[in-house]
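Everything below concerns the one structure shown next.
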Amino acid sequence: MIFVGGSVVDPAETEAGGDLLMALLEHPVLVSSSQSFKAIPERKLSVSEGSKQSKCVYVFQREYATVDPALVDLVGTDEATTCLGVVIRNRKSGMISVAHMDSPDVVDVGLTQMLSQVLNHSSVSELDVHLIGGFDDASSKASHKTRSKRWEKMDGYSLPLCIKIIDTLQRSQENFCIQTLCVLGHNTRRDSEGNGYPIFNGFVAETSSGRIIPASFNRTLRCPEEIVRRIRMSVAYEDPSWKGRLLETYDTQNDQFKIAPCIWTSYQVRIAMKLQHLSDSEILNTCSTSPSAEAPDFVYNLKRYTTVLGLPDSSTTLEGYLFYEAASSIQEDRRRRLGKIHAGFFRLDLPPSVQQQHDQIDGAGAILFFTDGKSHFAS
């Protein structure tokens with residue numbers, strides 16, 4: 001069930017004819033909160049030498065993380081265009097979960113994953129919700145007030161995702177108090193030709209207060225193991241173990257990054273190899289849901305991980321990015337040298353005769369990291 005400003009929102013009583021998302025986008029309280037959010041200067045986060053540092057957990061696309069304010073200061077995400085950043089915070093405990101959702105397919109199970117460590121099952125939980133991202137990428141330039149019929153066509157990528165999230169929150173037995181709804185038209189700016197772009201691509205949550213701030217992250221904070229996590233995000237859609245689920249990255253109770261295993265297919269490797277022969281503009285138009293709205297480093301980042309994914313097994317090892325499954329095979333001196341504890345995110349590197357038996361599964365495993373390290377602090 002959804003609340004705004006302390007009251008239940010009943011879509012049947014609105015002028016929007018039962019369209020709950022429409023009603024929420026036009027709700028005076030949420031319109032005001034979106035305006036207030038957009039008035040906050042964007043915070044640019046990076047590792048800064050010699051300054052006071054805060055412990056930060058970064059969430060990539062299709063990942064989620066639930067953090068304890070006693071252990072983590074900041075949690076956030078960026079690089080969202082048609083994706084949505086979702087924040088759920090328990091007012092009483094302060095536990096806060098952040099997800100970067102990229103498809104309606106991950107919403108049902110994804111919200112359950114987020115709530116698993118946010119809810120206090122011994123009492124009724126008051127849950128604050130913030131939804132940020134998902135600019136208006138639809139082809140029509142109609143305003144919110146004229147869109148109810150067009151919405152039935154589910155234009156663009158952002159709209160179906162917004163509708164799915166709101167519908168799932170409404171059908172839940174939990175009480176969700178929406179505090180911020182900076183999506184679609186509220187998160188869209190237009191150029192002189194009417195082309196739409198997101199106003200904000202990311203945010204950070206201050207865990208002590210629950211305050212949400214527009215933010216962008218320097219590559220120094222998109223860690224640990226940026227390349228591994230980007231590969232996992234790009235290939236997980238074909239891994240049946242992650243169907244309909246958000247990718248697990250952070251162990252809340254033990255305050256550790258634990259990058260859960262994922263598999264990929266030889267077909268995906270061939271795609272990665274083909275991308276290496278395309279121009280930047282071809283890559284952008286092939287791989288992005290919103291080519292004109294992507295950040296300047298979108299193609300560069302994609303090349304970084306598709307190059308690793310497409311490396312020939314026979315000539316290149318992936319040590320430093322991907323590691324063999326058996327933890328016992330990783331010697332202590334390597335562990336100390338790498339400064340991490342690895343438990344096996346790996347790519348199979350087998351003789352051709354054996355490799356044929358594994359043609360459809362080229363990788364699996366997990367990596368374990370502690371968050372207490374210089375590279376995980378922000379200023």
Side-chain angles (χ1 to χ4, degrees), residues 42-49 51 53-67 72-87 96-102 132-133 198 200-207 212-236 246-251 255-260 262 283-284 287-288 293-309 318 320-322 338-340 342 345 366-379:
E42 183 181 73
R43 184 172 177 182
K44 298 184 183 300
L45 294 162
S46 64
V47 173
S48 180
E49 295 289 343
S51 63
Q53 296 176 325
S54 301
K55 201 169 184 179
C56 179
V57 170
Y58 180 80
V59 177
F60 277 98
Q61 181 177 335
R62 195 166 278 216
E63 292 183 346
Y64 83 102
T66 302
V67 304
V72 174
D73 303 306
L74 304 171
V75 57
T77 187
D78 67 352
E79 299 188 310
T81 54
T82 58
C83 299
L84 252 70
V86 181
V87 182
I96 185 167
S97 188
V98 170
H100 186 133
M101 295 191 178
D102 60 358
I132 299 162
F200 297 113
N201 297 89
F203 60 85
V204 66
E206 296 179 341
T207 62
I212 310 299
I213 304 169
S216 59
F217 292 76
N218 184 277
R219 189 178 302 139
T220 58
L221 276 177
R222 291 173 183 159
C223 63
E225 290 298 327
E226 176 190 1
I227 297 297
V228 169
R229 291 162 72 184
R230 287 188 185 277
I231 290 175
R232 187 179 66 154
M233 172 269 294
S234 69
V235 301
L246 293 171
L247 297 167
E248 295 169 358
T249 299
Y250 175 74
D251 184 338
D255 187 28
Q256 298 170 343
F257 279 95
K258 186 176 181 181
I259 303 174
C262 180
I283 292 174
L284 181 63
C287 300
S288 173
E294 295 293 356
D297 61 353
F298 175 83
V299 172
Y300 172 74
N301 286 329
L302 192 143
K303 282 182 174 180
R304 290 167 65 216
Y305 72 80
T306 55
T307 297
V308 173
L309 184 60
L318 303 181
Y321 293 113
L322 311 177
L338 294 172
K340 306 178 181 73
H342 299 284
F345 190 109
I367 300 183
L368 183 67
F369 299 91
F370 291 96
T371 59
D372 52 350
K374 178 180 176 183
S375 63
H376 313 308
F377 289 78
S379 62

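Just so you know, residue 1 is the first one in the sequence shown, and it goes up from there.
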Practice item. Report the C-alpha distance between Thr66 and Ile96 in whole Å, list the side-chain angles of each, state the deciding distance to 0.1 Å, and finish with yes or no for side chain to side chain contact (heavy atoms under 4.5 Å, CB included). Key: CA-CA 6 Å; Thr66 302; Ile96 185 167; over 6 Å; no
How close do [X] and [Y] get, counting heavy atoms only, and between which atoms?
X: Ala205; Y: Ile212; value: CB-CD1, 3.5 Å
X: Cys83; Y: His100; value: CB-NE2, 3.3 Å
X: Tyr64; Y: Ala99; value: CB-CB, 3.8 Å
X: Ala293; Y: Thr81; value: O-CG2, 3.6 Å
X: Phe217; Y: Arg222; value: O-NH2, 3.2 Å

**Study point:** All salt bridge (Lys or Arg N to Asp or Glu O under 4.0 Å) counterparts of Glu226, not counting sequence neighbours
**Key:**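 Glu226: salt bridge (Lys or Arg N to Asp or Glu O under 4.0 Å) contacts with Arg230, Arg304.
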Practice item. Please list, chain by chain and in numerical order, all residues satisfying salt bridge (Lys or Arg N to Asp or Glu O under 4.0 Å) with Glu294, sequence neighbours excluded. Key: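 Residues passing salt bridge (Lys or Arg N to Asp or Glu O under 4.0 Å) with Glu294: none at all.
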Side chains of [X] and [Y], heavy atoms from C-beta outward: is any pair under 4.5 Å?
X: Tyr250; Y: Ile259; result: no
X: Glu63; Y: Arg229; result: yes
X: Glu206; Y: Ile213; result: yes
X: Leu84; Y: Ile132; result: no

Flag, side chain of [X] to backbone of [Y], donor-acceptor distance under 3.5 Å:
X: Arg43; Y: Val204; result: no
X: Thr207; Y: Asp73; result: yes
X: Thr77; Y: Gly202; result: no

Exercise for review: Applying side chain to side chain contact (heavy atoms under 4.5 Å, CB included), run through Phe203 and Val98 and close with a yes or a no.
Suggested key: CA-CA 10 Å; Phe203 60 85; Val98 170; 4.0 Å; yes
Review point. Where do Lys55 and Leu74 land on the side chain to side chain contact (heavy atoms under 4.5 Å, CB included) test, with the steps shown first?
Key: CA-CA 6 Å; Lys55 201 169 184 179; Leu74 304 171; over 6 Å; no
Practice item. Decide side chain to side chain contact (heavy atoms under 4.5 Å, CB included) for Thr249 and Val59; before the verdict, give the C-alpha distance in whole Å, the side-chain angles of both, and the deciding distance to 0.1 Å. Key: CA-CA 8 Å; Thr249 299; Val59 177; over 6 Å; no
Check your understanding: Any luck finding a side-chain donor-acceptor pair between Asn201 and Glu79 under 3.5 Å?
Key ->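 Side chains of Asn201 and Glu79: no pair found under 3.5 Å.
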Working to the nearest 0.5 Å, report the span between [atom1] of [X] and [atom2] of [Y].
X: Ile283; Y: Ser288; atom1: CD1; atom2: OG; answer: 12.0 Å
X: Ser234; Y: Leu302; atom1: OG; atom2: CG; answer: 7.5 Å
X: Gln61; Y: Leu246; atom1: CD; atom2: CG; answer: 11.0 Å

Exercise for review: Kindly determine whether Phe60 and Tyr58 satisfy ring-ring contact (aromatic ring centres under 6.0 Å, His included), including the steps that lead there.
Suggested key: CA-CA 7 Å; Phe60 277 98; Tyr58 180 80; 4.8 Å; yes
